[in-house]
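Have a look at the structure below before the remarks.
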Amino acid sequence: MTKLKICGIKRTETLTLLKELEVDYVGFVFATSKRQIDAATAKALLESVSGHPPAVGVFVNPSMEELSEILREVPLAVIQLHGQETPSFCQEVQERFSLPVWKALAVGGEADAAMEIKRYTGKVAAFLFDTYDPSMAGGTGKRFSWEQVPLLQENCGEAACVIAGGINPENVAELVKRYPAQMIDVSSGVETDGEKDALKIKALVERVKADEHAANNDTCRA
């Protein structure tokens with residue numbers, strides 16, 4: 001079953017909708033970005049919606065002090081690292097804060113994703129694969145070649161595999177049907193003019209769940 005994370009949450013109404021739709025994770029961006037929010041805002045958002053999905057904090061090359069400051073205010077369930085954080089740093093973060101770390105790796109650049117996976121294996125709980133862009137750490141709205149997804153998932157071993165980059169309501173069915181992903185992460189694909197769009201979010205969730213339902217029916221008939 002494909003899990004779903006919607007990232008870049010900034011408004012209470014969006015978080016409320018994601019709770020109603022039973023999305024698996026919600027993401028808050030603490031790194032420099034047009035979706036960036038501060039700890040106080042994230043805390044207020046989470047407190048305003050009881051029973052919200054687990055919160056993922058997105059960081060780019062944070063210091064331990066920055067992480068400590070955020071976590072003192074915000075009850076994060078996951079720390080997502082999107083920069084050049086080393087394997088040893090990722091492991092230290094997991095051990096120090098007793099939280100799973102998801103490490104973002106770029107696909108399509110000079111670095112070999114398979115080699116990068118080997119470097120971080122055993123140091124992180126999950127790998128998040130996003131499209132390479134020399135000017136952005138994520139949220140590009142561009143997809144990489146999904147033909148690589150099965151191999152990426154195989155190389156992840158026991159770590160979870162999260163697919164990001166250019167996923168939207170129009171193409172998510174293709175991803176789920178042809179390259180079943182353990183989890184997908186969407187941000188700009190459910191936005192209009194830089195803000196989360198409730199209609200696009202609903203369409204995305206409906207299409208993911210519809211394809212899961214169809215897959216389950218096929219399994220039952222087999």
Side-chain angles (χ1 to χ4, degrees), residues 1-29 31 33-37 45 52-58 60 78 80 82 102 104-109 113 126-153 160-216:
M1 182 175 293
T2 301
K3 293 185 177 181
L4 178 60
K5 169 176 170 265
I6 303 294
C7 199
I9 309 307
K10 298 189 295 182
R11 300 180 183 278
T12 299
E13 53 266 34
T14 304
L15 184 57
T16 300
L17 174 62
L18 297 179
K19 173 191 172 182
E20 294 171 353
L21 295 173
E22 299 182 341
V23 166
D24 298 283
Y25 292 93
V26 293
F28 296 93
V29 180
S33 163
K34 62 185 179 183
R35 303 178 184 91
Q36 182 180 13
I37 60 174
L45 281 169
H52 58 75
V56 180
V58 180
V60 175
V78 177
Q80 182 175 313
H82 250 276
W102 296 358
L105 299 178
V107 179
F127 294 100
L128 183 147
F129 299 101
D130 203 348
T131 307
Y132 172 76
D133 188 304
S135 62
M136 298 177 68
T140 65
K142 303 173 184 176
R143 59 184 274 185
F144 62 85
S145 174
W146 286 343
E147 287 78 7
Q148 300 180 64
V149 170
L151 181 58
L152 292 171
Q153 293 192 140
C161 178
V162 186
I163 305 302
I167 303 169
N168 58 53
E170 284 67 46
N171 63 23
V172 70
E174 176 190 353
L175 175 60
V176 174
K177 286 179 180 177
R178 297 184 62 188
Y179 311 103
Q182 293 173 319
M183 187 185 305
I184 57 178
D185 185 351
V186 183
S187 186
S188 62
V190 289
E191 291 179 347
T192 298
D193 297 328
E195 297 293 338
K196 291 293 181 285
D197 185 316
L199 293 178
K200 289 182 179 180
I201 291 173
K202 290 177 182 178
L204 181 90
V205 173
E206 287 171 359
R207 287 166 193 175
V208 170
K209 291 185 176 181
D211 287 318
E212 288 176 354
H213 181 69
N216 288 336

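- Of the inter-residue distances, the one linking R35 atom CZ with K10 atom NZ reads 8.0 Å to the nearest 0.5 angstrom.
- At least one side-chain heavy atom of P53 sits less than 4.5 Å from a side-chain heavy atom of K19.
- In this structure, the side chains of T16 and T12 come closer than 4.5 Å at one or more pairs of heavy atoms.
- Expressed to the nearest 0.5 Å, how far CG of D130 lies from CD1 of I167 amounts to 8.5 Å.
- Counting heavy atoms from C-beta outward, I6 and L21 have side chains that stay 4.5 Å or more apart.
- Within 6.0 Å of atom CD in E22, 12 or fewer heavy atoms from other residues, nucleotides or ligands are found, so the atom counts as exposed in its surroundings.
- Using a 4.5 Å cut-off on side-chain heavy atoms (C-beta onward), F129 and Q148 make no contact.
- Side-chain N or O atoms of R207 include one that pairs as donor or acceptor with a backbone N or O of P169 at under 3.5 Å.
- By the 4.5 Å heavy-atom criterion applied to side chains, I201 and T14 are counted as neighbours.
- Distance NZ/K34 to OG/S188: 7.0 Å, rounded to 0.5 Å.
- The two residues N168 and G189 make their nearest non-hydrogen contact at CB-O, 3.6 Å.
- A heavy-atom distance below 4.5 Å is not found between the side chains of D185 and W102.
- Contact check for D24 versus M183: no side-chain heavy atoms found under the 4.5 Å cut-off.
- At least one side-chain heavy atom of H82 sits less than 4.5 Å from a side-chain heavy atom of L128.
- Residue F28 holds its CZ atom at 5.5 Å from CG of L45, rounded to the nearest 0.5 Å.
- Scanning all heavy atoms of the two residues, the minimum distance from A181 to I163 falls at CB-CG1, 3.8 Å.
- One finds the CD atom of Q80 at 4.0 Å from the NZ atom of K5 (value rounded to the nearest 0.5 Å).
- When atom types are taken as modelled, the side chain of K202 and the backbone of D197 share no donor-acceptor pair closer than 3.5 angstrom.
- Checked by atom type and distance alone, the side chain of Q153 never pairs as donor or acceptor with a backbone atom of C161 at under 3.5 Å.
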